[in-house]
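Computed over heavy atoms, backbone and side chain alike; hydrogens, waters and symmetry mates excluded. Sequence lines set the chain letters: A, B, ... in the order given, protein chains first and strands last, and positions in each chain run from 1.
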Protein chains: 2
Amino acid sequence: MRRVTIREIARRAGVSESAVSFALNNRPGVSEYTRRMILQVAEEMSWRPNSAARALGGSRTGAVGLVLARPAETLGVESFFLRLVSGIQSALSTSATALLFQVVADVAAEAEVYRRWWAERRVDGVLVVDPRIDDPRPNLLSTLGLPALLIGGPDPTGTLPSIWADDTRAMTAIVEHLRSQGHQRIAHVAGLADLLHTRHRIEAFEAATGAASVTTDYSDEAGGRVTRELLTAAEPPTAIVYDNDIMAVAGIGTAAELGRAVPADVSLVAWDDSPLCRLTHPMLTALVRDTFGFGQRAAHRLLEVVDGTATGDVEDEMPHLEPRGSTSTRQ
Amino acid sequence: MRRVTIREIARRAGVSESAVSFALNNRPGVSEYTRRMILQVAEEMSWRPNSAARALGGSRTGAVGLVLARPAETLGVESFFLRLVSGIQSALSTSATALLFQVVADVAAEAEVYRRWWAERRVDGVLVVDPRIDDPRPNLLSTLGLPALLIGGPDPTGTLPSIWADDTRAMTAIVEHLRSQGHQRIAHVAGLADLLHTRHRIEAFEAATGAASVTTDYSDEAGGRVTRELLTAAEPPTAIVYDNDIMAVAGIGTAAELGRAVPADVSLVAWDDSPLCRLTHPMLTALVRDTFGFGQRAAHRLLEVVDGTATGDVEDEMPHLEPRGSTSTRQ
DNA sequence: CTGTTAGCGCGTTCAC
DNA sequence: GTGAACGCGCTAACAG
């Protein structure tokens, strides 16, 4: 495959390289006639800008980054994650921006990736997922000067702009829904204690019920174990809210083992919907989010942040509960 | 954040820019003493190469690409996929190579991404997953001249180098294992008909059993439906092999609905292991692959292909069966 | 207003 | 070990 440069287009079109550059970037300085002619030649030769040359001259690389710090045990997020990435890319593709993606073991490694990407000028900005309590990343990114958008939040330190959904109100809505079905004793099997959204959910849950949430590592094992503890206690809950789909699926299995009928004896709710929630019998009532759209909106916002045309937080739409067989009216 | 260039290092170290470049790249042309001195200065100033400048001068971008053409229904691959990507990156990180990642809807869009990446010189090579029957990608990539490694294969057209695991032998091993447990009637719920590995599995299955495989779209719905058809037939199978975890999980649910005991009435095997396979009761016997290691080896091999130091196919290790509760000895 | 020439960004490489 | 040219697109400054 021959490489096509602006120089060749200029030669072929019989004009200067700068004229070609102006025409290709839709900038003044060239007549309408010449522009059309140049564009046609470029089209015929199927020219594409060399991203390296562009990045070197201008200050844009045309790429943004996403790092997923993925402790081995956190498997429930996968489905959520691929939908999010799909949405992100659907938004990025309209501005021909590429996505640099990396999976690392922990936040320390994540920080190292940001440093490297920025030092090597590989990205124009990054999307930061899973904000944590006492999160070192906003401070790091702000110190580096690397434009970033926090997905989830808002940032407690007010350092990074963010896009977020209201987990607090979502949890309150779930509890109210269960209450309206007659549930008095509700339990909450939460996720990783140091995630910001976990704290939000816990605070909302405890405020609404007065009961204490239990934190876990999101694993199926934890979901099963905690469910067993809850259901074999003196006064077992009549409804359990799980912070992800995996734990809810494990929970429904454990309930069956213990001989508890779902939803007659105990109702179950999964925080995030996924195909898993439709594999169980009964199917799991789940909190549905428009994750693809969320990703789109996040990417769009990041591009604005990179351009400097946006700062501050945006609240995304609230997720809604999709009732299925695992919950039902109690009398 | 101040940007550090080779020019500054040269000034600070009192040498020429080329000397710095030689020293930083461990190339001859500079004395050991000077090299050390330069490296120390670079270290102090925490210099990092500007990837754009490097890409522009040399012919390497220091990035490789991976496109996932993900039809909405193919959800079972997610877990496999993240493990694969983790492995890929663990190998890439040792050579400071970045991964450009994109999720698209279909192979046509995937081809378009390859064209764009290559035209824009964004990648040095790509990893191609899910080879298909009559796959247009090897031909395209070869025409473009974009170095590529096929994950799965080998490429029937012999166009692209590949790394692959022997699905044929794996299927044969599964059938033999089931036979050794006394199973006479075995069924195979296969995946998408146009995937190459689906064909390999089907051919191996039909050669070993004489029975016909059924192709599906990998969905839980298909897994459940086909299981129901199989189990309510005149002579139901005593063992079923599913091409992914999702369908096997749906299958175990359907068996329960029909009142068939697993494994007493019917044994089930999932092709790919995942946490899902441990969420069922009984747990699913599954084919275990070292997906992380597979990704590592694939990335390593791609880098060799990019360097031109490798061509041809490599066979990766064969997956092994991990027996769990969903299969057992029949008499 | 239309178009050109010159020089920049930054690391690499080749001739000296 | 050095100086200078190069890769490719962008962008002042400048000429018609």
Inset, instruction - May I ask you to establish whether A:R115 and A:W117 are in a cation-pi arrangement, using a distance under 6.0 Å from NZ or CZ to the six-membered ring centre and at most 45° from the ring axis? - result: no
Legend entry - For B:A119, side-chain contact (heavy atoms from CB on, under 4.5 Å) partners two or more places apart: A:R48
Inset, instruction - Identify whether any heavy atom of B:V20 sits under 4.0 Å from a base atom; if not, whether one sits that close to sugar-phosphate; answer base, sugar-phosphate or nothing. - result: nothing
Legend entry - Axis deviation across the helix from C:dC1-D:dG16 to C:dC16-D:dG1, five-pair ends, to the nearest 10°: 50°
Inset, instruction - Indicate whether the side chain of A:D155 and that of A:S162 have a donor and an acceptor atom separated by less than 3.5 Å. - result: no
Legend entry - salt bridge (Lys or Arg N to Asp or Glu O under 4.0 Å) contacts in which one or both residues fall within residues 25-34 of chain B, not counting sequence neighbours: B:E32-B:R35, B:E32-B:R36
Can you measure [X] atom [atom1] to [N] atom [atom2] for me and round it to whole angstrom units?
{"X": "A:R121", "N": "C:dG11", "atom1": "CZ", "atom2": "P", "answer": "10 Å"}
{"X": "A:E120", "N": "C:dG9", "atom1": "CD", "atom2": "C1'", "answer": "17 Å"}
{"X": "B:E8", "N": "C:dG9", "atom1": "CD", "atom2": "P", "answer": "11 Å"}
{"X": "A:E32", "N": "C:dG3", "atom1": "CD", "atom2": "P", "answer": "11 Å"}
{"X": "B:I9", "N": "C:dT12", "atom1": "CD1", "atom2": "C1'", "answer": "14 Å"}

Inset, instruction - Between protein and nucleotides 7-16 of chain D, map the contacts as a letter string: B base, S sugar-phosphate only, - none, heavy atoms under 4.0 Å, written 5' to 3'. - result: BBSBB-----
Legend entry - A:R54: salt bridge (charged side-chain N to carboxylate O under 4.0 Å, His left out) partners, not counting sequence neighbours: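 A:R54 satisfies salt bridge (charged side-chain N to carboxylate O under 4.0 Å, His left out) with no residue once adjacent residues are dropped.
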Legend entry - Basic-acidic side-chain contact under 4.0 Å: A:R83, A:D290: no
Inset, instruction - Could you check if a side-chain atom of A:L66 sits within less than 4.5 angstrom of a side-chain atom of A:L100, using non-hydrogen atoms only? - result: no
Compile the donor-acceptor pairs under 3.5 Å between side chains in residues 301-312 of chain B and protein atoms, sequence neighbours left out, one pair per line.
unit_1: B:R301; atom_1: NH2; unit_2: B:T311; atom_2: O; d: 2.8
unit_1: B:D307; atom_1: OD1; unit_2: B:R60; atom_2: NH1; d: 3.0
unit_1: B:T309; atom_1: OG1; unit_2: B:E304; atom_2: O; d: 3.3

